[in-house]
**Q** 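Quick one: structure below, then a few questions.
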Amino acid sequence: EGTIKVLIGTNVVESGANISWLDAGVSCGTGKENSVRRETGATFLELVDLPRWRLDQQEGRVKRFRPGVFVLCSPKSYVEREQATRPEIERLALTELVMHCVGFGLRTHELTFDYAPDPDKVKEAEQKLQRLGLIDDDCSLTAAGKWITGLPVGPETGAMLWHSRQTDCL
């Protein structure tokens with residue numbers, strides 16, 4: 001009693017956690033999101049300015065159970081920020097999505113998405129999976145593709161493991 005409790009965090013403050021003792025929240029206004037390196041096509045976590053909807057989510061968590069204080073500590077103001085983040089399906093490579101669909105005997109054009117993937121990016125992902133030896137020309141899983149579907153890795157790493165295994169280098 002008589003103690004003010006402050007939570008300082010990034011996506012912890014905007015998660016589904018319900019923290020009833022919370023009096024205040026401080027946000028640096030940045031967070032990590034998946035991005036793709038243009039040079040290599042590799043996925044990585046990039047530090048980005050949070051869009052307004054994520055800051056609104058953070059503030060809502062702080063004030064969920066009682067009046068509270070939310071402070072944005074960032075040189076970039078709330079109004080200077082984008083309203084929303086582009087969905088990952090529009091930002092990231094689609095090799096994992098295509099691989100999962102093929103594994104279920106589906107093609108991405110057979111599915112309904114809130115944000116439909118770009119057909120050119122789907123074709124690019126299919127071509128990459130074929131080059132990696134994970135799907136054939138009919139978009140069916142190869143032996144390598146079937147083997148890696150049980151592994152907790154992406155297609156690129158899985159293909160590397162498969163080829164290492166085939167050459168007794170694993």
Side-chain angles (χ1 to χ4, degrees), residues 9-18 27-61 64 74 76 78 80-170:
T10 55
N11 53 345
V12 173
V13 184
E14 69 190 71
S15 74
N18 294 317
S27 176
C28 62
T30 59
K32 302 263 181 143
E33 76 177 25
N34 284 321
S35 295
V36 174
R37 292 194 194 285
R38 287 181 208 198
E39 314 81 45
T40 63
T43 302
F44 72 106
L45 284 175
E46 180 179 22
L47 186 65
V48 298
D49 288 323
L50 295 178
R52 286 181 281 187
W53 79 266
R54 286 184 62 183
L55 295 174
D56 292 344
Q57 181 72 12
Q58 290 179 0
E59 183 174 15
R61 288 289 165 194
R64 183 175 182 127
S74 170
K76 190 169 190 176
Y78 178 86
E80 292 175 289
R81 295 167 183 272
E82 296 292 325
Q83 176 58 37
T85 306
R86 279 182 50 223
E88 283 190 355
I89 201 164
E90 294 177 4
R91 292 185 283 114
L92 301 181
L94 300 178
T95 51
E96 284 192 56
L97 171 66
V98 171
M99 183 79 179
H100 285 298
C101 287
V102 169
F104 288 115
L106 299 168
R107 300 287 297 274
T108 56
H109 68 271
E110 297 174 298
L111 302 173
T112 302
F113 295 90
D114 288 338
Y115 299 94
D118 179 341
D120 291 337
K121 288 181 80 175
V122 170
K123 186 70 176 160
E124 183 180 302
E126 289 173 349
Q127 290 170 345
K128 183 172 186 176
L129 292 169
Q130 288 168 349
R131 284 193 311 273
L132 291 171
L134 303 178
I135 64 173
D136 60 24
D137 292 338
D138 297 323
C139 285
S140 296
L141 290 178
T142 62
K146 290 175 185 172
W147 184 76
I148 75 158
T149 57
L151 301 176
V153 297
E156 295 85 353
T157 302
M160 180 185 66
L161 293 172
W162 169 264
H163 292 296
S164 296
R165 182 175 174 249
Q166 296 305 107
T167 57
D168 291 325
C169 293
L170 185 62

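Note that these values count all heavy atoms, side chains included, but never hydrogens, waters or copies made by symmetry. All values derive from a computational prediction rather than experimental measurement.
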**Q** Ignoring hydrogens and angles, write down the donor-acceptor pairs under 3.5 Å from the side chains of residues 101-117, residues two or more places apart or on other chains.
**A**
| residue | atom | partner | partner atom | Å |
| --- | --- | --- | --- | --- |
| Arg107 | NE | Glu126 | OE2 | 3.4 |
| Arg107 | NH2 | Glu126 | OE2 | 3.0 |
| Glu110 | OE1 | Arg107 | N | 2.5 |

**Q** Would you say Leu161 and Trp147 make side-chain contact, with heavy atoms under 4.5 Å?
**A** yes
**Q** Would you compute the distance between atom CD of Glu46 and atom NZ of Lys32 and round it to the nearest 0.5 angstrom?
**A** 10.0 Å
**Q** Give a yes or no on whether the backbone of Asp136 and the side-chain of Ser140 come within a donor-acceptor separation of less than 3.5 Å.
**A** no
**Q** Please report the closest heavy-atom contact between Ala93 and Val36, naming both atoms and the distance.
**A**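 Shortest heavy-atom contact: N-CG2, 3.6 Å.
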**Q** For Ile135 and Thr142, work out which heavy atoms get closest and say how close.
**A** C-CG2, 3.6 Å
**Q** Hey, what do you get for CD (Glu88) to CD (Glu33), rounding to the nearest 0.5 Å?
**A**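 One finds 7.5 Å between CD of Glu88 and CD of Glu33.
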**Q** Sequence neighbours left out, what pairs pass ring-ring contact (aromatic ring centres under 6.0 Å, His included) with at least one residue falling in residues 116-142?
**A**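 Output for this query is empty, none listed.
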**Q** What's the separation between atom OG1 in Thr43 and atom CG in Asn34, rounded to the nearest 0.5 Å?
**A**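 Going from the OG1 atom of Thr43 to the CG atom of Asn34 covers 6.5 Å.
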**Q** Please test Met160 against Val153 for side chain to side chain contact (heavy atoms under 4.5 Å, CB included), starting from the C-alpha separation and ending with a verdict.
**A** CA-CA 10 Å; Met160 180 185 66; Val153 297; over 6 Å; no
**Q** Sub-3.5 Å donor-acceptor pair from the side chain of Arg91 to the main-chain atoms of Arg86, do we have one?
**A** yes
**Q** Compare every heavy atom of Lys128 with every heavy atom of Glu156, then report the nearest pair and how far apart it is.
**A**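 Minimum heavy-atom contact is OE2-NZ, 3.1 Å.
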**Q** Check Ser74 against Cys28 and note the closest heavy-atom contact, atom names and distance.
**A**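 Answer, listing the atom of Ser74 first, then Cys28: CB-O, 3.4 Å.
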**Q** Could you go through the side chain to side chain contact (heavy atoms under 4.5 Å, CB included) check for Met99 and Thr149 one step at a time?
**A** CA-CA 8 Å; Met99 183 79 179; Thr149 57; 4.2 Å; yes
**Q** Just by distance, do the side chain of Arg81 and the backbone of Arg52 share a donor-acceptor pair under 3.5 Å?
**A** no
**Q** Quick check for you: to the nearest 0.5 Å, what is the distance between Ser35 atom OG and Leu45 atom CG?
**A** 8.0 Å
**Q** Determine the minimum heavy-atom distance between Pro155 and Ile148, stating which atoms define it.
**A**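 Closest approach of Pro155 to Ile148, heavy atoms only: CA-CD1, 3.9 Å.
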**Q** More than 12 heavy atoms of other residues, nucleotides or ligands under 6.0 Å from CD of Gln166: is that the case?
**A** yes
**Q** What do the steps show when you test Gln130 against Asp137 for side chain to side chain contact (heavy atoms under 4.5 Å, CB included), and what is the final call?
**A** CA-CA 7 Å; Gln130 288 168 349; Asp137 292 338; 4.2 Å; yes
**Q** Quick one: list whatever passes salt bridge (charged side-chain N to carboxylate O under 4.0 Å, His left out) with Glu96, sequence neighbours left out.
**A**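 Salt bridge (charged side-chain N to carboxylate O under 4.0 Å, His left out) list for Glu96, sorted by chain: empty.
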**Q** Before you tell me yes or no, could you show the steps for Glu124 and Asp120 under side chain to side chain contact (heavy atoms under 4.5 Å, CB included), namely the whole-Å CA-CA distance, both residues' side-chain angles and the distance that decides it to 0.1 Å?
**A** CA-CA 6 Å; Glu124 183 180 302; Asp120 291 337; over 6 Å; no
**Q** Determine the minimum heavy-atom distance between Ala144 and Gly133, stating which atoms define it.
**A**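 Taking Ala144 first and Gly133 second, the nearest heavy atoms are CB-O, 3.6 Å.
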**Q** Can you tell me how far apart CG (Leu92) and NZ (Lys121) are? Round to the nearest 0.5 Å.
**A** 7.0 Å
**Q** Taking atom CG of Leu55 and atom CG of Leu50, what is their separation to the nearest 0.5 Å?
**A**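 Spacing of CG (Leu55) from CG (Leu50) equals 5.5 Å.
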